Structure formats: C-alpha cells, structure tokens
There are 2 protein chains.
Amino acid sequence: MATITLADVAAHAQVSTATVSLVLRNQGRISDVTRKRVLAALEELGYVYNQTAANLRNRSSNQVGLLLHDITNPFYAEMTAGLSDEMESHQMMLFLANTAESAQRQQRFVDSLLQNNASGMVMCAARQTPALFYESLKRRQIPVIMAVRSPADSGFDYVGTDNFLGIQLATQHLLNQGHRNIAFIGGQEGSSTRAQRLGGYSSKLLENQIPVRSEWIISCEATQSSGAQACTALLAAFPQITAAVCYQDIVALGVMLALRQKDKVIGRDFALVGFDDISEASLVQPALTTVSVAAREIGRKAGQLLFSRIQGNDEPPKRIILPPSLVIRESCGSAKF
Amino acid sequence: MATITLADVAAHAQVSTATVSLVLRNQGRISDVTRKRVLAALEELGYVYNQTAANLRNRSSNQVGLLLHDITNPFYAEMTAGLSDEMESHQMMLFLANTAESAQRQQRFVDSLLQNNASGMVMCAARQTPALFYESLKRRQIPVIMAVRSPADSGFDYVGTDNFLGIQLATQHLLNQGHRNIAFIGGQEGSSTRAQRLGGYSSKLLENQIPVRSEWIISCEATQSSGAQACTALLAAFPQITAAVCYQDIVALGVMLALRQKDKVIGRDFALVGFDDISEASLVQPALTTVSVAAREIGRKAGQLLFSRIQGNDEPPKRIILPPSLVIRESCGSAKF
DNA sequence: TTGTAGGCGTTATCAA
DNA sequence: TTGATAACGCCTACAA
C-alpha cells in the first residue's frame with residue numbers, strides 16, 4: 001500500500017496541504033469546520049505523520065542521545081530512567097549508546113547523532129576521551145550536557161554530584177566511629193572524579209591530624225573481583241587498617257567478599273563506606289553504608305538542562321552539582337572503637 | 001555557518017552530486033582519480049552526511065526501538081546491553097522507551113517510532129496491552145520482535161526463555177532437598193508468563209504425588225516489599241511451609257527480608273529459589289539459588305532476529321526459546337531435610 | 001482564513 | 001564512468 005501523505009489528506013478533505021499541516025500542528029487560525037473536515041480525513045485515510053520529512057524541512061529533530069559506559073551498572077540505569085522520563089515529557093526520543101569506555105565507539109555514536117540531526121545529547125564521557133574530541137564537539141552547534149564525569153574542558157554544561165563533599169561525609173563518619181587507620185580503595189588513576197574524592201578523603205584525615213599514607217590509597221577496576229583483590233593485598237601488607245572508604249559501591253561489595261574470606265566481621269572488625277547507593281547496597285548483609293548521589297535526579301536535571309538548551313537557552317555553561325548524602329546502614333557498626 | 005551539502009562538495013570537487021553520493025556509499029564504478037578528488041573535498045569542507053535526507057529519500061532508516069517497563073530492573077538492563085551491542089554492530093541506532101507498564105505510553109512510543117520511520121522494534125509488552133494494539137501493529141509493515149513476555153497473539157516473533165522448564169528445575173531442586181511443603185510466591189494473576197511458571201511448579205509437585213494447594217500459591221508485585229509482605233502473610237497462615245519457589249529474584253529478595261525478621265535462617269529453616277539470576281542474587285547473604293535465563297543473550301538473539309527481518313527475512317513467525325539453567329548457590333542449604 | 005509553490009539534502013533513473 | 005534531474009513528504013513565505 002502506498003503511503004498516505006499530507007497531500008492525499010488535503011485532497012480528500014478538499015483543502016490545501018498548508019491547511020492540513022496547520023491543523024496537524026495546531027497552528028494558525030483554522031475555522032472549526034475546516035479543522036473537523038481535516039481531522040476526519042486524517043482518520044479515514046489512516047494518515048501517519050512523517051517526522052523524517054518534517055525534520056529535513058525544519059533542519060532539526062526531536063531526537064537526543066545518551067552515551068554511557070554500561071547500562072547494566074545500576075547507577076547508570078537509574079540515571080537513564082530519570083533522563084528518559086524527562087525526555088518523554090517533552091515528546092522527545094532517546095537514543096541510547098553503550099560505549100563500554102571505548103573512545104572509538106563514543107566517537108562513532110556522536111557522529112551518528114550528528115548525521116541524524118539529533119538536537120542534543122547527554123554524555124558520560126569515556127575515560128580515554130581525547131581533548132580533540134571535546135574541541136570538535138564544541139564547534140558543532142549541538143547542545144551537550146556532560147553528566148557524572150566532569151570533563152577537564154569547562155566549556156560544557158555539567159550535571160553531577162559533589163564528589164569531594166561526598167567522600168568527606170564518608171570519611172568523617174568513619175572518624176566519628178573512632179577509626180584512625182583508614183584506607184581508600186578504588187578508582188582509576190588519572191580520573192578527575194577520583195582526584196576529587198581523594199581530596200575529600202585526605203582533607204578530612206589532615207583536618208584530624210592523621211597523616212595520609214599513600215600506600216593505603218589503592219586503585220582498582222569498577223568490579224567486585226578487583227575490589228576483593230585490592231582489599232586482600234592491602235590487608236596482607238597493612239593489617240592495622242580497620243576501615244576503608246571505597247570509591248564505589250561495587251568495589252565495596254568486593255571488599256566485603258574479601259573480608260568475609262578472612263573471617264572478619266564487617267561492622268565489627270572492619271568498617272566500610274561505599275559511594276553511589278546502588279540498590280544492592282541495601283541488600284547485602286550487612287547493608288552497606290554509602291554516599292547517595294541521587295542518580296535518577298542527575299538524569300532528570302540533565303534532561304531539563306538539555307531541553308532548555310535545545311529551546312535556545314544560551315547562558316554560559318552551567319554546573320549543576322547535586323548534594324550527596326550519607327546513608328547510614330550497618331557496614332560501619334555503631335559502637336565506638 | 002551554513003550546512004555543507006552534497007552539492008557543495010560536488011561543486012568543490014567539480015563533479016556531480018550523483019558522483020559524490022556514489023563515493024560516499026562506495027557504490028558504482030568511480031575512477032580512482034575522481035574518488036580521491038571527492039574524498040579530499042569531503043575532508044576539506046568538513047562535510048557531515050545528512051541521514052535524515054537519505055532516510056526521507058529511501059523511505060527507511062537505521063533506527064530501531066526498544067520498549068520495556070523498567071530499565072532499572074537489572075534483568076532488562078542486561079537485555080538492553082545485549083540488544084545494544086547487536087544493533088551497534090549493524091550501525092543501527094537504538095531508541096529506548098521506559099513504558100512503566102503503561103499501555104498509553106507504549107502506544108505513544110510506537111506511534112513515534114512509526115512516524116520516525118523506524119525500521120523495527122523489540123518490545124516487552126506492557127501488561128495491559130489491548131488486543132487491538134497487536135492487531136494494528138501487525139497491519140503496519142514494521143518488523144516487531146516480542147521479548148521476554150510472550151504475547152497471546154502468535155503472529156509475532158518471540159524471544160524468551162522456557163518458563164515452564166525453568167520453574168520445573170527450581171521445584172525439582174527443592175524436592176531433591178527433601179522439601180514437601182513448597183509455596184509459590186509472586187507474579188500477577190492473569191499473566192501468561194506466570195501461568196507457564198505455575199505449570200512448571202504444579203507439574204513437578206503432581207509428578208511427586210504432592211497435592212497442589214492453591215492457598216500456597218500467592219501473587220504479588222515485582223518489588224521487594226510486596227514479596228516480604230506476601231511471605232509474612234503466608235507463613236502466618238501456614239507455618240508448615242518450609243520452602244518457596246519465587247516468581248522473580250526481586251520477590252525472593254523480599255521474602256528473604258521477611259524470613260530474617262522472623263529469625264528464620266535461610267538455607268537451614270527455609271529454602272528459597274528465585275528466577276532471573278539478576279546480579280543481586282549472587283550478592284545477598286546467603287546467595288540466592290535461582291534460575292538463570294541469560295538476559296543478555298535474549299537481547300542479542302532478539303537483535304539478530306530483528307536485523308534479519310529488516311533485511312527482508314520473511315519466514316513465518318519464529319519462537320526462540322533459550323534454555324534456562326539452575327544456578328545453585330546457598331539459599332536452599334545443602335543438607336537433606 | 002486558506003491556497004500556491006519552492007526548497008530542505010539525498011538518491012535513483014536515465015542519458016551522455 | 002559521470003551528469004542532469006525528478007522525486008521523497010513536509011513546512012512556510014507570500015498571495016489571494
């Protein structure tokens with residue numbers, strides 16, 4: 001069956017294509033009689049609007065992209081849900097891309113977005129994103145909101161959380177419990193997010209006249225097994241450590257695994273704080289005390305900002321920093337040491 | 001800056017637009033000299049291909065949609081990752097929609113896909129999807145792969161798991177451990193998936209001369225709290241129950257919560273099997289024995305099938321059923337009762 | 001209030 | 001091997 005076009009509808013309703021177009025978009029003053037006739041024709045012919053043609057004509061689209069490393073990471077899944085809700089409320093379509101930390105895949109996806117005339121994007125940049133990428137992205141006229149990972153380049157809007165403050169909260173909590181030998185586990189060297197968190201950690205130690213020991217600061221992948229491994233190695237070398245601030249909940253979960261293998265009782269023999277408040281955090285035994293960053297809210301805020309940019313908001317780049325909060329559960333015990 | 005079009009490139013390279021178009025798509029016989037000249041011009045002008053125009057002209061697109069209820073459900077996140085990988089390997093863009101079980105949102109998204117000329121979709125239909133929806137969807141010429149939830153309508157391709165067999169495995173495992181008083185917790189009445197799982201459960205009981213007690217079959221929402229509530233109510237009425245087959249891992253996690261409140265030791269006082277093998281299953285204490293359905297693989301297979309349909313494969317509707325497997329962990333203990 | 005007609009950027013047909 | 005040109009379906013001046 002041939003596709004029904006605006007012209008077909010117009011012919012059927014005995015009006016012009018312009019009239020039909022106006023009715024479709026509720027624009028212009030169209031008399032009630034005409035409108036009804038058009039609506040009826042639309043219905044009768046089973047007309048389907050061709051967004052592609054409209055996009056071409058308008059040099060725009062109602063499509064935006066979301067780039068992230070791993071949708072199976074609960075943190076990002078939450079964020080995606082927030083963004084998706086927000087976009088849907090504006091009748092925009094959301095393209096999803098899993099870059100898996102590959103700068104190449106990321107570049108490919110952005111190219112596709114550009115080719116598809118996407119009207120904007122939210123991105124959690126891959127770790128090895130070259131500076132050139134940001135440069136050339138800025139030259140395009142497309143709104144881009146960076147999320148979660150703050151780019152070195154300050155020319156972009158950014159929505160994220162206060163990493164420094166978040167880890168300060170976590171560290172202070174451990175200090176309050178009486179711990180003095182506190183390690184920092186996780187994150188990738190060179191990451192700016194990690195630098196911020198590390199700053200929160202060390203600032204709190206120093207504030208309490210506790211020396212920062214670089215051997216107790218250890219990096220690892222964002223997986224449970226890496227976390228477990230890191231913890232095992234650390235405790236073998238420094239058994240005096242009684243607590244750890246973990247870079248992420250996932251790492252913390254790994255650390256718990258390792259501790260359990262050493263028959264350490266978490267919350268009594270060893271205290272632990274995570275970061276992200278992923279849903280697993282409340283499920284493990286003992287439940288993980290962690291820093292919550294409201295992933296869904298980050299997605300929502302990023303969506304709102306993106307939409308306003310698409311609408312033409314051209315204020316200078318913004319940084320929206322959502323306040324983190326400490327969710328106290330069981331992994332730090334409650335007794336003073 | 002005005003957009004650079006094919007015509008601009010053609011002018012710059014002193015060839016026709018047809019030639020440039022052919023070079024771009026590696027089609028037709030173009031002499032090496034010309035090709036190089038075109039390529040150079042492309043580069044020089046910083047040309048960006050306009051997919052929208054091509055789509056309009058071709059009456060097609062490289063976009064597909066994915067509809068699901070909740071991306072934050074780890075099962076669907078995994079599936080999404082599988083599908084996303086598959087689509088990316090074919091250079092297709094993936095639209096994501098969170099329908100949140102709303103038939104209305106689902107309809108809106110499908111309409112958008114149609115309007116955008118999407119070339120296909122994978123959908124996990126919302127629970128209350130009206131039969132009319134399927135009817136009208138079939139009339140469109142767009143490939144649709146149903147996933148996870150099998151539609152009553154058999155006119156669609158389907159990729160999912162064998163619910164019947166999966167729950168049979170789970171039930172048999174409990175029987176092997178010596179349990180006789182086994183409950184079934186979870187799922188929504190009227191769901192066909194649930195009917196299949198219930199079938200697996202009751203068939204195994206009957207096979208072992210154990211009567212099926214309908215009071216021990218209880219439905220609940222797919223949340224932890226509902227699971228917990230259901231378990232509490234059930235045990236209050238029937239303390240003789242010693243084991244449960246849960247409709248989903250999420251429900252099983254809720255049941256664990258409830259058991260713990262009753263000071264029952266899971267794996268010793270009460271045995272539990274879940275379904276889905278979400279990542280939380282291996283994290284809880286004790287780790288949850290569950291039926292694994294390879295969510296990622298479902299996504300991948302759905303993607304492959306969808307792609308083949310888009311390529312023109314017009315065999316009759318297929319049902320791809322992935323075999324489930326029992327992942328034995330700790331929640332059923334190991335001692336015979 | 002409604003109609004006419006040209007153009008958005010690409011592809012495909014046909015001719016050269 | 002390459003070029004000219006007419007669609008694809010919609011939107012928007014400009015006219016009526």
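First the proteins, then the strands, lettered A, B, ... as listed; each starts at 1. As the structure is a computational prediction, the values presented were derived from the model and not from experiment.
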Regarding [X], tell me which of base, sugar-phosphate or nothing describes its non-hydrogen contacts under 4.0 Å with the strands shown.
{"X": "A:Thr52", "result": "nothing"}
{"X": "A:Leu56", "result": "base"}
{"X": "B:Ala54", "result": "sugar-phosphate"}

[X] has a side chain; which of [options] sits nearest to it?
{"X": "B:Ala53", "options": "C:dA12, D:dC8, C:dT10", "value": "C:dT10"}
{"X": "A:Ser16", "options": "D:dT2, C:dT2, C:dT11", "value": "C:dT2"}
{"X": "B:Thr19", "options": "D:dG3, D:dG9, C:dT2", "value": "D:dG3"}
{"X": "B:Arg59", "options": "C:dT2, D:dG9, C:dG9", "value": "D:dG9"}

Considering all heavy atoms, the nearest B:Gln106-B:Leu67 contact: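 That closest heavy-atom pairing would be CG-CD2, 3.6 Å.
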What one should report as the nearest heavy-atom pair of B:Thr161 and B:Ile298 is N-CD1, 4.4 Å
To the nearest Å, how far apart are [X] [atom1] and [N] [atom2]?
{"X": "A:Asn116", "N": "C:dT10", "atom1": "CG", "atom2": "C1'", "result": "14 Å"}
{"X": "A:Asn117", "N": "C:dT10", "atom1": "CG", "atom2": "C1'", "result": "13 Å"}
{"X": "A:Leu24", "N": "D:dT12", "atom1": "CG", "atom2": "C1'", "result": "15 Å"}
{"X": "A:Asn62", "N": "D:dC10", "atom1": "CG", "atom2": "P", "result": "15 Å"}
{"X": "B:Leu22", "N": "C:dT11", "atom1": "CG", "atom2": "C1'", "result": "9 Å"}
{"X": "A:Ile30", "N": "D:dT12", "atom1": "CD1", "atom2": "C1'", "result": "13 Å"}
{"X": "B:Tyr49", "N": "C:dT10", "atom1": "OH", "atom2": "P", "result": "8 Å"}
{"X": "A:Leu6", "N": "D:dC8", "atom1": "CG", "atom2": "P", "result": "14 Å"}

Would you please classify the geometry between the B:Phe307 ring and the B:His90 ring as parallel, tilted or perpendicular, with 30° and 60° separating the classes?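 Judged by the thresholds at 30° and 60°, the geometry between B:His90 and B:Phe307 is parallel.
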Report yes if a side-chain nitrogen or oxygen of [X] is closer than 4.0 Å to either non-bridging phosphate oxygen (OP1 or OP2) of [N]; otherwise report no.
{"X": "A:Ser21", "N": "D:dC10", "value": "no"}
{"X": "A:Thr3", "N": "D:dC8", "value": "no"}
{"X": "A:Ser31", "N": "C:dT2", "value": "yes"}

Roughly how far, to the nearest 0.5 Å, is CG of B:Asn116 from CG of B:Asp111? 11.0 Å
Map B:Tyr47 and A:Ala18 onto DNA chain C by nearest heavy atom, then report which one ends up closer to the 5' terminus.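 Upstream on the strand: A:Ala18.
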State, yes or no, whether a side-chain contact exists between A:Leu56 and B:Asn50 at a heavy-atom distance under 4.5 Å. yes
Would you check if B:Thr99 and B:Phe109 make a side-chain contact, meaning some heavy-atom pair closer than 4.5 Å? no
Hey, which sits more toward the 5' end of DNA chain D by its nearest nucleotide, B:Thr17 or B:Arg35?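 Mapping each residue to its closest nucleotide by heavy atoms, the 5'-most match is B:Arg35.
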Using only heavy-atom distances, decide whether a donor-acceptor pair under 3.5 angstrom links the side-chain of A:Arg57 to the base of D:dC11.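 Flag set: donor-acceptor pair detected.
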